[in-house]
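Please see the structure below; I have some questions.
In this text, all values refer to a predicted model and were calculated from it rather than measured experimentally. Numbers for residues simply follow the sequence, beginning at 1.
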Amino acid sequence: MGSFLSKQMERRKAISTQKKLLCDLKEKDNTDFPGCDYCPEDRKNWMSTLALDKLHVNKIVWPGTHDSATNKIGIPFISRPFARTQSLSIYNQLVMGTRVLDIRVQKDGRVCHGILVSYNVDAVISDVKKFLSETESEIIILEIRTEFGHDDPPEFDKYLENQLGEFLIHQDDSVFNKTVAELLPKRVICVWKPRKSPQPKHGSPLWSAGYLKDNWIDTDLPETKFESNMKHLSEQQPVTSRKYFYRVENTVTPQADNPVLCVKPVTNRIRPHARLFIKECICRGYGDRLQIYSTDYIDEDFVDACIGLTNARIEGKL
């Protein structure tokens, strides 16, 4: 018992120390970066407010959400706090400015996170199609994967093609060098990551797993995650030199050996430092490598930071 309490005290101290390190860095360096003061006129249509003929796919800083469809996962007040990473519906996330969705499914087609389940993936697709019907020039990256430990939904690739066919941008390396204007009226890059089913092939309406990469760091320590994200980003090529999307997730994750297991108080250890990470990327020489930037509980300030940096790239300020 004494050993357990001692360990918990050490972990609480480590968390407190790491939170202070990020706060001190923020106070020392501030969070100004090219485009930091940019405020989009209309987040729902933010791509449309930029120069579409200059907005290259590989220059966009894509605001994304982690575990996007967990707003109604589990049982309210019982299991939900341990798995929910977003409070908004898919539609409302898109309206706020989110452009990368991270969806996990199980064999019966329901959204899930581990053993907890939510609504059917039909609700996700319905929200995406509703948003697309209300906008004209917004491009979405829709990543759908079979959750770890689950089997693939049968013929799911055909389902996605049938539901989104008219909007799908086909798998093609040349897409990365194209502008949004050149891709329209196609508007969805759908990355399908099955566990056992065949991966989508080149030229397919769907994109294979290798086109969206990340380095998942499973920790609840905010400075550890911040610096690990930076290290892995530094190992990537500049966005103009690669033919895949690379994602950085500004999140930390509850750990089983820690008393705090609810997602929100844990992930809030790093959420306030989203702009600091962008600033540090630029200061350390990695500003040309940031591409997909995702978070838990997305808000307007996170979206604005991504859009501002994107606009700075278009204007040649970065």
(request) Indicate whether any N or O donor in one side chain lies under 3.5 Å from an N or O acceptor in the other, for S197 and D152. (result)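 A pair is found: one side chain offers a donor N or O, the other an acceptor, under 3.5 Å apart.
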(message) Walk me through whether Y38 and D304 qualify under side-chain contact (heavy atoms from CB on, under 4.5 Å).
(response) CA-CA 7 Å; Y38 184 84; D304 290 356; over 6 Å; no
(request) Before accepting this row, confirm whether a basic side-chain N of the pair R110/D108 lies closer than 4.0 Å to the acidic partner's carboxylate O. (result)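 Looking at R110 and D108, the cut-off is met.
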(message) Tell me if the centroids of the rings in W216 and H66 come within less than 6.0 Å of each other.
(response)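 They qualify: ring centres under 6.0 Å apart.
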(message) Has R99 got a side-chain atom pairing as donor or acceptor with G64's backbone, closer than 3.5 angstrom?
(response) no
(request) Could you pull out the closest heavy-atom pair between S137 and V180, with the gap in Å? (result)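 That would be O-CG1, 3.7 Å.
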(message) Under 4.0 Å between a side-chain nitrogen and a carboxylate oxygen: does that hold for K231 and E227?
(response)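 No, no charged N to carboxylate O under 4.0 Å.
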(request) Over all heavy atoms of both residues, which pair between C112 and E147 is shortest? Give the atoms and the distance, please. (result) SG-CB, 3.4 Å
(request) Tell me yes or no: between the side chains of R11 and Q255, is some donor less than 3.5 Å from an acceptor? (result)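 No, Q255 and R11 have no side-chain donor paired with an acceptor closer than 3.5 Å.
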(message) Quick check against the 3.5 Å criterion: does H150 have a side-chain atom that pairs as donor or acceptor with the backbone of G114?
(response)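 Yes, H150 side chain to G114 backbone: donor-acceptor pair under 3.5 Å.
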(message) Is it true that, when you exclude L261 itself, more than 12 heavy atoms of the residues, nucleotides or ligands shown sit nearer than 6.0 Å to its CG?
(response) yes
(request) With salt bridge (charged side-chain N to carboxylate O under 4.0 Å, His left out) as the test, would you mind laying out the steps for D299 and R271 before giving the verdict? (result) CA-CA 10 Å; D299 57 24; R271 278 184 69 242; 3.3 Å; yes
(message) Tell me whether D127 is salt-bridged to K129, with the criterion being a basic N under 4.0 Å from an acidic carboxylate O.
(response)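 Salt bridge flag = no for K129 with D127.
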(request) Report the C-alpha distance between Y293 and W62 in whole Å, list the side-chain angles of each, state the deciding distance to 0.1 Å, and finish with yes or no for ring-ring contact (aromatic ring centres under 6.0 Å, His included). (result) CA-CA 6 Å; Y293 195 29; W62 301 77; over 10 Å; no
(request) Might you confirm whether atom CZ of R12 has over 12 heavy atoms from other residues, nucleotides or ligands at distances under 6.0 Å? (result) no
(message) Looking at S204 and P200, would you say the former's side chain and the latter's main chain have a donor-acceptor pair under 3.5 Å?
(response) no
(message) Are L206 and E161 packed together at the side-chain level, in the sense that at least one heavy-atom pair is separated by less than 4.5 angstrom?
(response)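 A side-chain contact exists here, since the closest heavy-atom pair is under 4.5 Å.
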(request) For the residue pair Y297 and N71, confirm or rule out a side-chain donor-acceptor distance under 3.5 Å. (result)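 No, because no side-chain N or O of Y297 sits under 3.5 Å from a partner of the opposite role on N71.
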(request) State, with a plain yes or no, whether a side-chain heavy atom of L183 is found less than 4.5 Å away from one of T179. (result)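 Answer no - side chains too far apart.
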(request) Classify the side-chain pair R187/T135 by whether it contains a donor and acceptor separated by less than 3.5 Å. (result) yes
(message) Closer than 3.5 angstrom, by distance alone: can the side chain of E315 be matched with the main-chain N or O of A312 as a donor-acceptor pair?
(response)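 No; zero donor-acceptor contacts below 3.5 Å.
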(request) Indicate yes or no: at least one non-hydrogen side-chain atom of Q86 is less than 4.5 angstrom from one of Q93. (result) yes
(request) Indicate yes or no for a side-chain donor-acceptor contact from T310 to the backbone of C306 under 3.5 Å, with no hydrogens or angles considered. (result) yes
(request) Kindly say whether I217 contributes a backbone atom to a donor-acceptor pair with the side chain of S228 at under 3.5 angstrom? (result) no
(request) Would you mind checking if D24 and K28 are paired as a salt bridge, meaning a charged N to carboxylate O distance below 4.0 Å? (result) no
(request) Give a yes or no answer on whether the side chain of K186 reaches the backbone of E166 with a donor-acceptor pair at less than 3.5 Å. (result) yes
(message) If hydrophobic clusters are built by linking Ile, Leu, Val, Met, Phe, Trp and Tyr wherever their side-chain heavy atoms come under 4.5 Å apart, do L22 and L233 end up in the same one?
(response) yes
(request) Measure from the side-chain N and O atoms of T70 to the backbone N and O of I73, and report whether any donor-acceptor pair falls under 3.5 Å. (result) no
(message) Hydrogens and angles aside, do H113 and D67 bring a side-chain donor and acceptor to less than 3.5 Å of each other?
(response) yes
(message) Can you tell me how far apart CD1 (I139) and NZ (K178) are? Round to the nearest 0.5 Å.
(response)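 These two atoms lie 11.5 Å from each other.
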(request) Would you name the heavy atoms of S79 and L116 that are closest together and state the gap between them? (result)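 Smallest interatomic distance, heavy atoms only, reads O-CD1, 3.7 Å.
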(request) Give a yes or no on whether a salt bridge exists between K158 and E155, defined as a side-chain N under 4.0 angstrom from a carboxylate O. (result)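 Yes, this pair counts.
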(request) Would you check if D151 and K196 make a side-chain contact, meaning some heavy-atom pair closer than 4.5 Å? (result) yes
(request) Ignoring hydrogens and angles, tell me if any N or O in the side chain of K279 forms a donor-acceptor pair with the backbone of D29 under 3.5 Å. (result)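 Yes: the side chain of K279 pairs with the backbone of D29.
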(message) Are more than 12 heavy atoms, taken from residues, nucleotides or ligands other than K44, located less than 6.0 Å from that residue's NZ atom?
(response) yes
(message) Give me the atom names and distance for the closest heavy-atom approach of C262 to F82.
(response) SG-CE2, 3.9 Å
(request) Might you point out which heavy atoms bring P34 and I282 nearest each other, and give the distance in Å? (result)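 That closest heavy-atom pairing would be CD-CD1, 3.7 Å.
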(request) Measure from the side-chain N and O atoms of W207 to the backbone N and O of I169, and report whether any donor-acceptor pair falls under 3.5 Å. (result) yes
(request) Any chance you could measure L52, atom CG, to L184, atom CG, to the nearest 0.5 Å? (result) 6.5 Å
(request) Evaluate side-chain contact (heavy atoms from CB on, under 4.5 Å) for L142 paired with I103, printing each intermediate quantity in order. (result) CA-CA 8 Å; L142 174 62; I103 310 297; 3.9 Å; yes
(request) Determine, step by step, whether S234 and R284 satisfy the side-chain contact (heavy atoms from CB on, under 4.5 Å) criterion, reporting the C-alpha distance in whole Å, the side-chain angles of both residues, the deciding distance to 0.1 Å, and the verdict. (result) CA-CA 9 Å; S234 74; R284 301 186 197 187; over 6 Å; no
(message) When you compare the side chain of I140 with that of V100, does any pair of heavy atoms fall below 4.5 Å?
(response) no
(request) Answer yes when R84 and D296 have at least one side-chain N-carboxylate O distance shorter than 4.0 Å, and no when they do not. (result)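 So R84 does not pair with D296 through a salt bridge.
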(message) Using a strict threshold of under 4.0 Å (side-chain N to carboxylate O), is an ion pair present between D288 and R313?
(response) no
(request) Report the distance from atom CD1 of I307 to atom CD of E300, rounding to the nearest 0.5 Å. (result)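 It comes to 10.5 Å.
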(request) With side-chain contact (heavy atoms from CB on, under 4.5 Å) as the test, would you mind laying out the steps for I90 and L94 before giving the verdict? (result) CA-CA 6 Å; I90 294 299; L94 292 168; 4.1 Å; yes
Return all side-chain donor-acceptor pairs below 3.5 angstrom for residues 243-253, not counting sequence neighbours, or 'none' if the list is empty.
| residue | atom | partner | partner atom | Å |
| --- | --- | --- | --- | --- |
| Y244 | OH | Q236 | OE1 | 2.6 |
| Y246 | OH | N215 | OD1 | 2.6 |
| R247 | NE | D214 | OD2 | 3.0 |
| R247 | NH1 | E143 | OE1 | 2.9 |
| R247 | NH2 | E143 | OE1 | 3.3 |
| R247 | NH2 | E143 | OE2 | 3.2 |
| R247 | NH2 | D214 | OD2 | 2.7 |
| N250 | ND2 | I270 | O | 3.4 |
| T251 | OG1 | K225 | NZ | 3.2 |

(request) Hey, could you give me the CD/CG distance between E182 and L55, rounded to the nearest 0.5 Å? (result)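 One finds 11.0 Å between CD of E182 and CG of L55.
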(message) Please give me the minimum heavy-atom distance between D102 and R145, naming the atom from each residue.
(response) OD1-NH2, 3.5 Å
(message) Counting C-beta onward and ignoring hydrogens, is there a side-chain heavy-atom pair between Y159 and P154 closer than 4.5 Å?
(response)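 Not in contact.
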(message) Is there a side-chain contact between I189 and V175 in this structure, where contact means two heavy atoms from C-beta onward sitting under 4.5 Å apart?
(response) yes
(message) What's the separation between atom CH2 in W46 and atom CD in E138, rounded to the nearest 0.5 Å?
(response) 7.0 Å
(message) Rounded at 0.5 Å granularity, tell me how far CE in M230 sits from CD in E235.
(response) 12.5 Å
(message) I want to check something: taking the side chain as every heavy atom from C-beta on, are R269 and V260 in contact at a cut-off of under 4.5 Å?
(response) yes
(message) Let's go through T224 and Q18 carefully: what are the C-alpha distance in whole Å and the side-chain angles of both, what is the deciding distance for side-chain hydrogen bond (donor to acceptor under 3.5 Å, both in side chains) to 0.1 Å, and is it a yes or a no?
(response) CA-CA 8 Å; T224 295; Q18 293 210 1; 2.9 Å; yes
